[in-house]
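This report refers to the structure that appears directly beneath it.
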Amino acid sequence: MNSSQSTTGSKKRKIKAESDTTVTNKNESSDSEDDIALSKRRKITPLKKEDVKKPLKKTTKVKKEEDEKPATKRKKAPTKVKEEKVSKRKKKVEEEVEVFRWWDNEKEDDSVKWTTLEHQGPYFPPEYVSHGIKMKYKGEPIDLVPECEEIANFFAQVIGTDWAENPTFRKNFFKDFQKVLKKKMPGCPIKKFEDCDFTPIAEYFAEQKEKRKAMTKEEKEVIKKEKQEIENKYGWALLDGRKEKVGNFRIEPPGLFRGRGEHPKTGTLKRRVYPENVTINIGENATVPPPPEGHKWGKIIHDNTVTWLAMWKENVNDSFKYVWLAAGSSLKGQSDFKKFEKARELKKHIDQIRAEYTLELKDKLMATRQRATALYFIDKLALRAGNEKGDDLADTVGCCSLRYEHVTLEPPNRVIFDFLGKDSIRYYNEVEVSKQVYKNIEIFKRPPKKEGDMLFDRLNTTILNKHLQKSMKGLTAKVFRTFNASYTFQEELKKTVKNSTINEKLLAYNRANRQVAILCNHQRSVSKNHSDQLKRIQDKILTSKYQRYLVSKEMLEIDPTLKKKKPEYGRLSRGITKEFIKNYEEKELEKKKAKLEKDNEKRKAEGKELLTLKDLEEKKRQPTLERLEKQYDTLSKRIKAQQLLLIDKDENKTTALGTSKINYIDPRISAAWCYKYNVPIEKIFNKSLRNKFKWAVEVDENFVF
DNA sequence: ACTGTAACTTAGAAACATTGGT
DNA sequence: ACCAATGTTTCTAAGTTACAGT
């Protein structure tokens with residue numbers, strides 16, 4: 001499924017060798033900016049504990065940010081329907097919205113998450129409506145009852161994608177399809193997947209899609225309005241009397257499970273969820289939302305030690321699904337804040353921890369040695385903890401669950417990691433490690449250990465985390481990822497040049513972001529036309545190279561002795577084929593002709609005589625060596641720039657910056673950077689990130705992670 | 001220690017919306 | 001003005017961790 005993995009995954013990344021085990025105290029270098037005039041500083045309320053003692057006001061009334069849509073969009077409303085809607089929306093925007101400033105007043109104990117809680121329950125997808133389009137079996141149209149037709153639809157929707165070709169997906173789908181057929185349509189002739197033809201349904205869906213695309217503005221408006229109404233109703237909860245946004249209030253619709261990687265259950269039917277399957281969690285005195293007609297809630301509870309509003313059990317993997325508040329809510333914000341504070345606390349202990357595990361790498365107890373080695377990787381490479389998984393899940397690993405075959409040794413001290421991690425994303429990394437670590441891996445891989453065996457057979461995440469708690473309260477393996485990501489980011493940001501332009505600063509910001517994303521191995525699949533884009537740039541590079549070659553040849557014509565000093569002159573680069581040259585010359589000729597025509601038109605108007613290509617050739621003045629050298633130089637520079645762009649583009653195409661920005665990098669680092677370098681926060685945090693991080697943007701420019 | 005349950009964060013893909021270059 | 005590139009939001013899968021029970 002992850003086609004991107006297998007093909008392009010082998011980018012080599014190197015991390016610095018042993019030198020950085022000698023832990024330098026880079027933490028306290030709080031190079032503050034004393035040289036900024038106070039007037040220039042942004043006035044902000046610093047987030048310091050001493051200042052936190054103003055508990056009088058818990059909430060502040062503020063005007064909600066104006067709707068950021070450009071006004072032009074609104075003016076375009078040609079119909080009455082829209083006019084009306086626009087004015088309504090405006091009114092809503094101008095309403096005063098309460099912002100709960102929980103960060104002014106930290107709570108120590110957060111085991112109780114709320115005292116009152118009201119909400120509308122989850123929103124259920126509409127019941128299935130039959131379309132009556134018949135799939136074919138052995139070429140014959142087949143009548144299906146709605147329950148079966150719906151499942152046939154699920155497969156039809158997948159036709160044309162990789163899923164439809166995936167054998168496991170097909171097998172699991174057909175098994176479940178048959179189960180339902182047998183129950184709902186006894187005696188149904190459908191027996192073999194290969195004889196099924198879902199294309200009539202697929203074609204029907206394609207038509208529907210076209211129709212939807214061709215809808216008029218008015219029709220689209222109506223749909224949008226309906227959607228908005230659902231959001232208005234189900235999208236909000238009242239938590240301790242405050243209006244807070246609900247995240248995923250929609251019950252997941254039925255469909256075929258799309259597991260990632262080689263998931264054994266991919267294609268399995270994910271059944272429709274009914275109110276009877278759902279537990280509602282709500283305040284004791286709150287009105288329980290009415291379940292859809294003719295249904296009852298599975299259970300109603302009033303547990304204020306948890307944050308979910310509704311819960312159900314899903315049938316494919318037997319796991320729970322929850323309805324939670326949105327990322328910008330106070331509950332999520334508070335736990336985010338706690339997460340980063342914990343990571344910052346690790347900073348105080350990290351030297352000690354590193355010293356300890358470095359010692360323990362040589363411990364005579366194998367279990368201790370393994371623990372130390374695993375911790376070394378978690379710390380240095382930001383690997384995930386790596387819980388053991390059942391064989392009804394995709395075979396992926398993290399640090400503790402690494403197996404023999406995932407790690408190879410290359411003398412004298414290189415370790416090569418190659419395994420599938422979370423979401424079956426490939427982790428490939430060549431790392432130089434300390435002699436001791438290298439030796440340890442050698443020992444852990446010693447026969448009779450073989451492929452399929454655990455590398456750390458005396459270790460699991462529970463043992464590791466238990467041990468970590470001894471160094472710091474609440475410390476677990478995942479804190480290292482947060483810590484190292486945020487810390488790396490802060491260090492990388494120091495490369496920002498003070499007096500550069502905003503764009504250059506943003507480039508520095510994104511570079512730092514990318515370093516973190518690379519550290520955490522955050523990848524994204526390469527877009528379909530990515531190779532086209534690269535080819536275009538590569539073509540430009542080749543063109544420049546060929547031009548440079550032509551220039552160098554001219555130089556050699558003037559002074560053949562140059563060849564001795566500059567052997568690269570007159571040498572064609574690899575990749576420049578005869579075809580390429582032919583192509584290039586043709587294009588050049590075209591260009592010349594076009595230009596000539598244009599010039600001649602002008603000349604005609606001015607009454608001058610017309611020119612031919614030959615005339616141009618003769619008119620060209622003889623270049624000097626000096627001039628040619630300059631040209632050669634310019635071209636070389638251009639080639640370099642283009643090659644950089646190529647690398648940049650390629651790396652960005654496979655690296656996803658969002659995940660680290662959202663989950664790993666302490667937003668206060670970003671905010672402080674903005675203030676320090678005078679970059680508007682909107683340039684780095686979009687609307688939803690500003691909302692998610694509203695607790696963080698109030699730091700001052702001297703914030704140090 | 002081992003297993004299963006529960007609750008939460010983290011993750012990439014896909015759908016959808018906006019922007020900006022020709 | 002069009003449409004491809006890019007950015008944002010939604011969706012839900014896949015992790016981590018704590019903890020209860022055995």
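The sequence lines fix the lettering, A, B, ..., with proteins before strands; numbering per chain opens at 1.
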Review point. On DNA chain C, nearest-nucleotide positions of A:Asn317 versus A:Lys227: which is more 5'?
Key: A:Lys227
Study note, to complete from the structure: Per atom distances to the A:Lys321 side chain, the nearest of C:dC11, C:dT17, C:dA13 is C:dA13
Review point. Below 4.0 angstrom from OP1 or OP2 of B:dT10, is there any side-chain N or O of A:His522?
Key: no
Review point. Between A:Asp379 and A:Arg481, is there a side-chain N and carboxylate O pair less than 4.0 Å apart?
Key: no
Exercise for review: Using a 4.0 Å heavy-atom cut-off across all strands, classify A:Gly658 as base, sugar-phosphate, or nothing.
Suggested key: nothing
Practice item. Report yes if at least one side-chain N or O of A:Arg384 is closer than 4.0 Å to OP1 or OP2 of B:dT9; otherwise report no. Key: no
Point to revise | NZ/NE/NH1/NH2 to OD/OE distance under 4.0 Å, A:Glu276 and A:Lys299 | key: no
Review point. Does OP1 or OP2 of C:dT17 have a side-chain N or O of A:Thr476 closer than 4.0 Å?
Key: yes
**Study point:** Any A:Thr396 side-chain N or O less than 4.0 Å from OP1/OP2 of C:dA14
**Key:** no
Practice item. Classify the nucleic acid contact of A:Asp336 as base, sugar-phosphate or nothing, counting any heavy atom under 4.0 Å across all strands shown. Key: nothing
Review point. Which part of the nucleic acid, if any, lies within reach of A:Thr461 when heavy atoms closer than 4.0 Å are counted: base, sugar-phosphate only, or nothing?
Key: nothing
Practice item. Using a 4.0 Å heavy-atom cut-off across all strands, classify A:Gln469 as base, sugar-phosphate, or nothing. Key: sugar-phosphate
Practice item. Please work out if A:Ala394 contacts a base, only the sugar-phosphate, or nothing of the nucleic acid, heavy-atom cut-off 4.0 Å. Key: nothing
Review point. Between the base of B:dT9 and the side chain of A:Lys332, is there a donor-acceptor distance below 3.5 Å?
Key: no
Review point. If you check the A:Phe257 side chain, which of C:dT17, C:dA13, B:dA7 turns out closest?
Key: C:dA13
Check your understanding: Which is true for A:Lys478 with a 4.0 Å heavy-atom rule: it touches a base, it touches only sugar-phosphate, or it touches nothing?
Key -> sugar-phosphate
Review point. OP1 or OP2 of C:dT8 less than 4.0 angstrom from a side-chain nitrogen or oxygen of A:Asn686, does that happen here?
Key: yes
Point to revise | Among B:dA6, C:dA13, B:dA13, the one nearest A:Tyr322 by side-chain distance | key: B:dA6
Practice item. Would you mind telling me which of C:dC11, C:dA14, B:dG12 lies closest to the side-chain atoms of A:Lys422? Key: C:dA14
Exercise for review: Using only side-chain N and O atoms of A:Thr659, determine if any of them is under 4.0 Å from OP1 or OP2 of B:dA11.
Suggested key: no
Review point. Base, sugar-phosphate alone, or nothing: which one does A:Gly398 contact when heavy atoms must sit under 4.0 Å apart?
Key: nothing
Study note, to complete from the structure: Among C:dT12, B:dA13, B:dA11, the one nearest any side-chain atom of A:Arg524 is B:dA13
Check your understanding: Within the pair A:Trp324 and B:dA7, is there a side-chain N or O less than 4.0 Å away from OP1 or OP2?
Key -> no
Check your understanding: Which part of the nucleic acid does A:Lys270 contact within heavy-atom distance under 4.0 Å: base, sugar-phosphate only, or nothing?
Key -> sugar-phosphate
Check your understanding: Nearest to the side chain of A:Pro253 - C:dT12, B:dA11, C:dT16?
Key -> C:dT12
Practice item. Just call it for A:Tyr664: base, sugar-phosphate, or nothing, with non-hydrogen atoms closer than 4.0 Å on any strand. Key: sugar-phosphate
Review point. Counting just side-chain N and O atoms, does A:Ser319 come under 4.0 Å of either OP1 or OP2 of B:dA6?
Key: no
Practice item. Check whether the ring centres of A:Phe257 and A:His263 lie less than 6.0 Å apart, and answer yes or no. Key: yes
Review point. Cut-off 3.5 Å, side chains only: do A:Asn317 and A:Ser319 have a donor facing an acceptor?
Key: no
Review point. Taking it one step at a time, do A:Glu314 and A:Lys270 satisfy salt bridge (Lys or Arg N to Asp or Glu O under 4.0 Å)?
Key: CA-CA 8 Å; A:Glu314 152 268 3; A:Lys270 188 166 93 170; over 6 Å; no
Exercise for review: Look at the side-chain N and O atoms of A:Lys389 and state whether any lies under 4.0 Å from the OP1 or OP2 oxygen of C:dA14.
Suggested key: no
Review point. Does A:Thr462 put a side-chain nitrogen or oxygen below 4.0 Å from OP1 or OP2 of C:dT17?
Key: no
Review point. Would you call A:Leu256 and A:Phe169 a side-chain contact if the rule is heavy atoms closer than 4.5 Å?
Key: yes
Review point. Does A:Asn387 have a side-chain nitrogen or oxygen under 4.0 Å from the phosphate oxygens OP1 or OP2 of C:dG15?
Key: no
Point to revise | Contact under 4.0 Å: A:Arg260 side-chain N or O vs B:dT10 OP1/OP2 | key: no
